[in-house]
Trainee: 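Here's a structure for you.
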Amino acid sequence: MHEYTSTARVWGLSCPGFPEEVSRARRWTRDILRGSPLAEDAELIVSELSANAILHTASGREYGSFHLAVAVSAQVVAVSVTDDGGTATTPKIEHQDQDAEHGRGLGMVSAIAHRVVVHDSDQGHTVTAELYADPRLGGHPC
């Protein structure tokens, strides 16, 4: 296979915006990545991003939902959570004091992932975290 091409497999899951759906999203991710050395990190990232969607956006309101995608190739595992929007602010990575009770989720995700991208649209926000099989491919933010 050419070094710049890969075959990626992509899975998607839509969840109602209930707190118990965070554990469902985590289990689903664990099942997809069973046997991968990146599974635990991806599971933790999915948990944080899903909880953020429910707590901080319209996804947690009545009839709200969040959408999860997991893309897997030989080089990268990418997990994306898309929320229903409804907030005037974009999710942003903040490095809070470790004793802070809130605001540490995306900072933790950025510490685990090799790359984090936030994309806004009229329908909501998508946060994608990428984990590289070989960290030298993308570098890790220090």
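Please read all numbers here as calculations on a predicted model, not as lab measurements.
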Trainee: Could you name each residue pair satisfying salt bridge (charged side-chain N to carboxylate O under 4.0 Å, His left out) that touches residues 7-17, not counting sequence neighbours?
Mentor: none

Trainee: Compare every heavy atom of A25 with every heavy atom of L68, then report the nearest pair and how far apart it is.
Mentor: CD2-CB, 3.8 Å

Trainee: Could you give me the CA-CA distance, side-chain angles and deciding distance for L131 and I45, then say whether side chain to side chain contact (heavy atoms under 4.5 Å, CB included) is met?
Mentor: CA-CA 10 Å; L131 298 164; I45 289 168; 4.0 Å; yes

Trainee: Should W11 and V72 count as side-chain neighbours, where that means a heavy-atom distance under 4.5 Å?
Mentor: yes

Trainee: Kindly indicate whether the side chain of H67, heavy atoms from C-beta on, has any atom under 4.5 Å from the side chain of D84.
Mentor: yes

Trainee: How many angstroms lie between CG in L55 and CD in E48, if you round to the nearest 0.5 Å?
Mentor: 9.5 Å

Trainee: Taking the side chain as C-beta and beyond, is there a heavy-atom pair between Q123 and T82 under 4.5 Å?
Mentor: no

Trainee: Are I112 and V118 connected into the same hydrophobic cluster when the rule is that any two of I, L, V, M, F, W, Y join if their side-chain heavy atoms are below 4.5 Å apart?
Mentor: yes

Trainee: Enumerate the residue pairs fulfilling salt bridge (charged side-chain N to carboxylate O under 4.0 Å, His left out) with a member in residues 124-133, sequence neighbours excluded, ordered by first and then second residue.
Mentor: R115-E130

Trainee: Can you confirm whether R24 sits close enough to P16 that some side-chain heavy atom of one is under 4.5 Å from a side-chain heavy atom of the other?
Mentor: yes

Trainee: Can a donor-acceptor pair be found, under 3.5 Å and without considering hydrogens, that links the side chain of S73 to the backbone of T7?
Mentor: no

Trainee: Which atom names give the shortest non-hydrogen contact between V77 and A42, and what distance separates them?
Mentor: CG1-CB, 4.4 Å

Trainee: Do you know which two heavy atoms are closest between S110 and V116, and how far apart they sit?
Mentor: CA-CG2, 3.7 Å

Trainee: Are side-chain heavy atoms of S47 and E43 found at a separation under 4.5 Å?
Mentor: no

Trainee: Do D83 side-chain atoms and G124 backbone N/O form a donor-acceptor pair below 3.5 Å?
Mentor: no

Trainee: Check whether L38 and V10 end up in the same hydrophobic cluster, where Ile, Leu, Val, Met, Phe, Trp and Tyr are linked by side-chain heavy atoms less than 4.5 Å apart.
Mentor: no

Trainee: Taking all heavy atoms of A58 and all of G86, pick out the closest pair and write down the distance.
Mentor: CB-CA, 4.2 Å

Trainee: Might you point out which heavy atoms bring S50 and V81 nearest each other, and give the distance in Å?
Mentor: OG-CG2, 4.1 Å

Trainee: Atom CG of L13 and atom CD of E21: how far apart are they, to the nearest 0.5 Å?
Mentor: 8.0 Å

Trainee: So, for S59 and S65, which heavy atoms are closest and what is the spacing to 0.1 Å?
Mentor: OG-O, 2.6 Å

Trainee: Can you check whether F66 reaches L49 side chain to side chain, under 4.5 Å on heavy atoms?
Mentor: no

